Every structure is written in C-alpha cells, then in structure tokens.
Amino acid sequence: MISEISASRCFGGWQKRFRHASRVLDCDMVFGLFLPPNASADDPVPALYWLSGLTCTDENFAQKAGAQRLAAELGMAIVIPDTSPRGPGVPGDPDGAWDFGLGAGFYLNATQEPWARHYRMYDYVVSELPALVEANLPVSAERAVAGHSMGGHGALVCALRNPGRYRSVSAFSPIVDPMAVPWGEKAFSRYLGPDRESWRQWDTCALLADAAERLPLLVDVGSADPFLDTQLKPEALSRAAAAAGHPLDLRLRDGYDHSYFFVASFMDDHLRHHARALGLLTR
C-alpha cells in the first residue's frame, strides 16, 4: 500500500509525493508523481519514469526541471523515484562520500555485502515501483524512461535490458561507460565485486553490442559539462552505437553544463520525444 505525503495543484494537474514499504529494497521509499489534468481511474495515462542523478531525491526533478507544464498539455504522468534506498539500517559510504551509497544507488542490483540487502534499485524501478503505481494510481502500463547523469545511465540500461517494456528512452549527460570511468568503477567494484565481466550487464556501451531491440536513443550533453571528459565520455556511446548499428541522436549543446538549468532548457524536446512514442503527439 501507498500513503500520500503531499499534493500540490500544478498546471491543472497534481504534483504528489507518496511513501510505501519496498519489499525489494527492504526499507520505506518515497517517490514523486505528476498527474496531468486528464488522468482518472477510468482513463489512466501513460507515464515517463524519470531517474535522477547522484545526490538527488525525487524533489530535485519535480522542483527544477520545469516538466509539468508540457506534461499537463500532453496528458503524460511523470513518476520520479528516489536515487537509492534510505532509512535506518541502510548503509551509506563508510567515508561519507557523496558519490556512493545513499543517493547513489546506480540503478543496479548489488551482489556484495553489506549492499546486497538494500541496493537493488534496478529491480525497484523496472518492476516493483511500476507495478505499485499502475495498481494504485491512474497510470497505465504504457511507459517511457529517461534520466540525468547517473539516472541517464539507469534509463539507458533499463531500456536496453528490457526490450518491449518501454516505448522510448532518453538521457541528459548520462554515464554511458561506467566500467571505464571513476564514478562507475567505484560503484561497481563495491556493489558488484571485482569480477569486471559481471559489470558488463550494467554498462550501456557493452549492452549495445547485443541489444535485442533497436529503440532509438535520444541523448543531450553540454559542451561545458565539467564531467564531460572524465565521467561521461559521450564519444564512447557514439562509437558503440555506430558499431552496433543502433539508432542514436547525440546532441552536444554548446555552453551548457551538468546542472538542472541544462536539463530544463531541453526538457520539452525530451517530453515530445516520449509523447510521440506513447501516442500522445503525432508530430
């Protein structure tokens, strides 16, 4: 069951927050949900699942991305999970670092202790949360997925690993080759252990080679992103997509950085991309 924490009227719809007990993560979780004005129990609406980045919660996107106005016009719900398990007994980074542990679940299923009990964000965002949302709220099983930074990594991985589950996928500033960058190597080595072969199932560039579905990838990256060359490496995505013959629209946005100012600037493009795939927009 879910309990409503808050509800704010927004562009004729509602921006809400909910709490529920997660069986997958073994803790209570909070998620955000924007419901457009036309959503009803008799007419559930398609949903975009938004996966946020390092240090974020559901509130960052809801308050900063400016997505609700166009989502209301399109008739699209937006489901916004948290970025990691939280609460008493959930381990964080032992050194208190911001790029691992709490707020940094990396949308994978951990296999190593003490992380394996709680850090199963992949199963949560792909299976448990959609099932909960679709059973209790006016949201249909027509799904799209998108994200930013660590969440961009999560969105691409979720789509590539689940052919047919999502109608569309997009990402802002995604970590596309986590096996080869510091953020990913730190997270994978702790969550998954030292066997790098086991990491491949969570790496977009590795997954592209054997992708069973050619779902087009829409990716925006800022040219002034301070993490561009060290953590994001969009050229690796371009090479992997070209080698696999996978459709990719990779756009380098001149002068933009890694912030939500960047995300908000091009959010409408991404919403329309998903709306076309979900049958909410014809052109």
Side-chain angles (χ1 to χ4, degrees), residues 1-6 16-33 47-62 77-94 96-137 139 141 143 145-162 165-166 175 178 183-184 186-193 198-199 201-203:
M1 296 298 294
I2 62 174
S3 59
E4 188 175 294
I5 301 171
S6 65
K16 299 190 174 191
R17 298 185 83 204
F18 296 92
R19 179 178 288 108
H20 72 102
S22 168
R23 175 188 55 80
V24 167
L25 304 178
D26 195 22
C27 65
D28 284 353
M29 291 294 287
V30 171
F31 68 92
L33 173 67
L48 172 65
Y49 285 77
W50 174 268
L51 308 184
S52 298
L54 289 165
T55 75
C56 289
T57 69
D58 62 289
E59 292 187 291
N60 295 80
F61 176 86
I78 306 178
V79 182
I80 319 161
D82 202 346
T83 51
S84 79
R86 299 182 195 266
V90 177
D93 186 277
W98 58 271
D99 59 353
F100 182 80
L102 301 180
F106 267 85
Y107 304 102
L108 49 71
N109 289 338
T111 60
Q112 306 298 300
E113 297 300 337
W115 323 108
R117 176 182 171 189
H118 297 286
Y119 285 81
R120 303 184 63 83
M121 287 298 294
Y122 172 79
D123 280 354
Y124 177 70
V125 301
V126 170
S127 300
E128 186 182 33
L129 182 60
L132 182 79
V133 168
E134 292 160 17
N136 291 280
L137 296 160
V139 174
R143 311 176 196 94
V145 63
H148 172 233
S149 193
M150 178 187 71
H153 142 77
L156 295 171
V157 166
C158 289
L160 289 168
R161 287 181 52 132
N162 294 276
R165 186 162 185 80
Y166 302 101
I175 307 168
W183 280 341
K186 178 178 181 178
F188 284 13
S189 63
R190 295 187 182 186
Y191 289 138
L192 304 173
S198 71
W199 299 5
Q201 64 185 309
W202 309 108
D203 185 291

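The model shown is predicted, which means the values in this text are computed figures rather than measured ones.
Remark: the backbone N or O of S198 is paired with a side-chain donor or acceptor of Q201 at under 3.5 angstrom. In this structure, the side chain of H118 does not engage the main chain of C27 through any donor-acceptor pair within 3.5 Å. Looking only at distances, no side-chain donor or acceptor of N60 sits under 3.5 Å from a matching main-chain atom of C56. When atom types are taken as modelled, the side chain of D93 and the backbone of D99 share no donor-acceptor pair closer than 3.5 angstrom. The main-chain N or O of S22 is never found under 3.5 Å from a side-chain atom of E128 such that the two would form a donor-acceptor pair. A side-chain donor-acceptor contact under 3.5 Å links Y191 to the backbone of G101. In terms of modelled atom types and a separation under 3.5 Å, the side chain of S149 and the main chain of G53 share no donor-acceptor contact.
In this pair, F100 and W115 present their aromatic rings perpendicular. The plane angle is above 60°, beyond the 30 to 60° band. Aromatic ring pairs are classed by plane angle as parallel below 30°, tilted from 30° to 60° and perpendicular above 60°; the pair F18 and F31 is parallel.
Aromatic pair Y124/H20: centroids less than 6.0 angstrom apart.
Inter-residue side-chain proximity for L51 and V145 is flagged as met; some heavy-atom pair is nearer than 4.5 Å. A heavy-atom distance below 4.5 Å is found between the side chains of P94 and R190. When side chains are defined from C-beta on, I78 counts as touching F61, because their heavy atoms get closer than 4.5 Å. With a 4.5 Å cut-off on side-chain heavy atoms, Y122 and V24 do not count as touching. Looking at heavy atoms from C-beta onward, L156 lies out of side-chain contact with R161 at the 4.5 angstrom threshold. Taking 4.5 Å as the limit, every side-chain heavy atom of T57 sits out of range of all side-chain heavy atoms of T83. Side-chain contact between M121 and P85 is present, with heavy atoms from C-beta onward closer than 4.5 Å. Side-chain contact check for N162 versus V126: some heavy-atom pair is nearer than 4.5 Å.
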### Message
Could you go through V125 and Y107, starting from their C-alpha distance and side-chain angles, then the distance that decides it, and tell me whether this counts as side chain to side chain contact (heavy atoms under 4.5 Å, CB included)?
### Response
CA-CA 8 Å; V125 301; Y107 304 102; 4.1 Å; yes
### Message
Quick one, L132 with I2, criterion side chain to side chain contact (heavy atoms under 4.5 Å, CB included). Give me CA distance, side-chain angles, the key distance, then yes/no.
### Response
CA-CA 8 Å; L132 182 79; I2 62 174; 3.3 Å; yes
### Message
Before you tell me yes or no, could you show the steps for Y49 and I80 under side chain to side chain contact (heavy atoms under 4.5 Å, CB included), namely the whole-Å CA-CA distance, both residues' side-chain angles and the distance that decides it to 0.1 Å?
### Response
CA-CA 6 Å; Y49 285 77; I80 319 161; over 6 Å; no
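Nearest approach of P178 to H153, heavy atoms of both residues: CG-ND1, 4.0 Å. A pairwise comparison of heavy atoms in A97 and K186 identifies CB-NZ, 3.5 Å as the closest pair. Counting all heavy atoms, side chain and backbone alike, P114 lies closest to P91 at O-CG, 3.7 Å. Here the shortest heavy-atom pairing between R165 and P130 reads NH2-CB, 3.9 Å. Minimum interatomic distance between A155 and G147 (heavy atoms only, all atoms of both residues): CB-N, 3.8 Å. The minimum heavy-atom distance linking L192 with A110 is given by the pair CD2-CA, 4.4 Å.
H148 NE2 to I175 CD1: the interatomic distance, rounded to the nearest 0.5 Å, is 9.5 Å.
At a threshold of 4.0 Å, the pair E134-R143 counts as salt-bridged, since one of the basic side-chain nitrogens sits closer than that to a carboxylate oxygen. Between D26 and R120, no side-chain nitrogen of the basic residue sits less than 4.0 Å from a carboxylate oxygen of the acidic one, so the salt-bridge criterion is not met. Taking a cutoff of 4.0 Å between a charged side-chain nitrogen and a carboxylate oxygen, R19 and D28 do not qualify as a salt bridge. Between D82 and R17 there is no salt bridge, since none of the side-chain N atoms of the basic residue sits less than 4.0 Å from a carboxylate O of the acidic one.
For the ring-ring contact (aromatic ring centres under 6.0 Å, His included) with F188, the lone residue among Y119, W199, W183 that qualifies is W199.
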